[in-house]
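So that the names make sense, note that chain A is the first sequence line, chain B the second, and so on, each numbered from 1. Any value given below was found using the heavy atoms of this structure, including those in side chains, with hydrogens, waters and symmetry copies removed.
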Amino acid sequence: MKQFFRPLKQEHLSPDERERMMRNIRVFIQEHPLANTPANPPHHIPWFQHLSLTRYPMFATIVLAMLIALGGGTAAAAENAVPGDALYPFKIHVNESVRSAVALGAEEEADWQNTRAVRRLEEAANLAAQGRLNSEIREELHARFAAHEERAEQLIADLKKKGNAEAAADVSATIQARLEAYSDILANIKQSRPQAAEQLNGLRNDVNAEATSVSEVRAASQDDEKERTSEAAEGKKKAAENKLREVEKFIDTNKLKVEAATVAQARAQLTKAQETFAAGKASLSAGDFTDAFLKFKQAHTEAERAKVTLQAMIRLQIPLMDTTPEAKDNEKKNSGKSVSSTTHVTSSLKAEVLGIKLKAKTDLKANADIE
Amino acid sequence: MATESEFMAWYDRYADKLFRHCLYRVFDRELAQELTQQAFLKAWEYLSRGSHIDHPQAFLYKTLTHLIIDEREKKHTVSLDVILEENQEPTEDSEEQFMLDIEAAEVIKTMQTLDPLYKEVLLLRYVDELKPKEIAEVLGETQNVISVRIHRAKAQLKERLHQHTRL
């Protein structure tokens, strides 16, 4: 019997394949440190390896000089940079390029391109909230947002061409949830920053247009109309279960970083996702696998939206106003009273938003010390 | 809880096995690599949430199996003949390698005629070289059930081979 199977044992990963996979895994480990352990020193990836991945060789030379001047931790410090900051080019041309280079496949790359697009949105929202979003920066960020979204759509179309309609539908659903969450977030910011209303409206129009485009692509794929097996429904159930658990943990871990109203909103969104999940389980027990599949998928999207909203609020440090119909009714009834969860972006928070955590001294640090 | 170096030791020990197992389920080298990588990433994600993995081999195989099932739901079935044809690129390999490739193709074709549960245990036992106790852990069955299944799988395989040689 062993002799019969001997020919099958000749298959191995080639040294290059092993090396590439190991590198991808190490990058992932660096981005997802173990919980409740002292900060793990990041696996050291030589800087030259990052630079070889950038598409901008001239810029690579400049970056190398910056790295030498600024010392370690630059990549981490750059993550909070916005247009106009010294480290902003590093953020978009090195940090983000490295992550693109180690994307696992078309699905992950599409998701990452959308993530890059919303990072541009956040930068714009941040600047608008500070009154620093001029038309030049707005145009630049709009162009980058559009380019990333176009790339994401291209990758989704490629997935469909290769027969991966399911993967295309999944990543489209995640992207749509993310964009819709950001549309709400921008509406909220506008309420707490009326002076930036015009700029924020423009951003919100971009986001809504993109979300509509993605939803049209999903509708055209008719993925939701396919018949599903019990295996597929069970698989989707597991994915939804993991996502719900992940988001619950995320809320618990980060609840002290934002206002109570923001946490409450996130929990309400998660509860809605859990209710959808429970409905999916009922359909599964009743043998309606297609309905169960769709409900688990919806629960996954709803949970993702809760996480995206909270993540953005943590990064933007701008309090969330409750935009549900019930809250709007309450607001009308209490129109004489001030809404408690709105206006508290103090100068110290502004400092946070401006990247006070940057290790390198920049001009912006001087501007951040407002009081 | 496993550290990063322990986790990478798991990678060194199990990556090839998992890849090979996946390859004979999906018959697409690039996809097999992708799914194998995802299995490791999911395992790390599990650890990063504060959970423990007592039996990494079983955990990784189970995770990989789920990924393979999910992938099957996404793709249309392609004829095995087409896959085997596409993967047999002309090379300048030795005669021995050429014969091995032919033999492998024949083994795969025969395996495809088996009951999926039997095919799975034979791959785990004779290609991945897992012990029955380990297979039981991977598949969530008792050792007894696995031993019986292996026995029946071998019987079915012999019957198929016998039919093949008679033709």
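To the nearest 0.5 Å, atoms CD (Glu11(A)) and NE2 (His21(B)) are separated by 14.5 Å. Between Glu4(B) atom CD and Ile25(A) atom CD1 the span is 10.5 Å, to the nearest 0.5 Å. Here the CZ-CD distance, from Phe28(A) to Glu45(B), works out to 4.5 Å after rounding to the nearest 0.5 Å. Rounding to the nearest 0.5 Å places NE2 of His12(A) at 12.0 Å from NZ of Lys17(B). Between the CG atom in Asn24(A) and the CG atom in Leu41(B) there is a gap of 7.5 Å [rounded to 0.5 Å]. Remark: Arg23(A) CZ to Gln37(B) CD distance equals 10.0 Å, nearest 0.5 Å.
Neither the backbone nor the side chain of Glu30(B) comes within contact range of chain A; no heavy atoms are under 4.5 Å apart. Neither the backbone nor the side chain of Lys236(A) comes within contact range of chain B; no heavy atom of the residue lies under 4.5 Å from a heavy atom of that chain. With a 4.5 Å cut-off on non-hydrogen atoms, Asp128(B) does not touch chain A at all. Heavy atoms of Tyr126(B) lying under 4.5 Å from chain A belong to its backbone as well as its side chain.
With hydrogens and angles disregarded, no donor-acceptor distance shorter than 3.5 Å links the side chain of Trp44(B) to the backbone of Pro33(A).
Dense packing is recorded around NZ of Lys9(A), with more than 12 heavy atoms of other residues, nucleotides or ligands lying under 6.0 Å away. Counting heavy-atom neighbours within 6.0 Å of Asp12(B) CG, excluding the residue itself, gives a total above 12. Counted within 6.0 Å of NZ on Lys281(A), heavy atoms from surrounding residues, nucleotides or ligands total 12 or fewer; the atom is thus considered open.
Contact detail for Leu13(A) and Asp16(B): the closest heavy-atom pair is N-OD1, 2.9 Å. In plain terms, the two heavy atoms of Thr3(B) and Leu34(A) that are nearest each other are CA-CD1, 4.4 Å.
Among Glu246(A), Arg245(A), Lys238(A), the residue with the largest count of heavy-atom pairs under 4.5 Å with chain B is Lys238(A). When each of Phe19(B), Phe40(B), Tyr46(B) is checked for heavy-atom pairs under 4.5 Å with chain A, Phe19(B) comes out on top. Heavy-atom pairs under 4.5 Å with chain A peak, among Lys154(B), Met111(B), Lys158(B), Met8(B), at Met8(B).
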Inset, instruction - May I have the step-by-step check of side-chain hydrogen bond (donor to acceptor under 3.5 Å, both in side chains) for Arg20(A) and Gln33(B), ending in yes or no? - result: CA-CA 10 Å; Arg20(A) 187 170 59 241; Gln33(B) 286 179 59; 3.2 Å; yes
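Cation-pi geometry between Arg18(A) and Tyr11(B) is met: under 6.0 angstrom from the ring centre, within 45 degrees of the axis.
Looking only at side-chain heavy atoms (C-beta outward), Arg125(B) and Phe5(A) stay at 4.5 Å or farther from each other.
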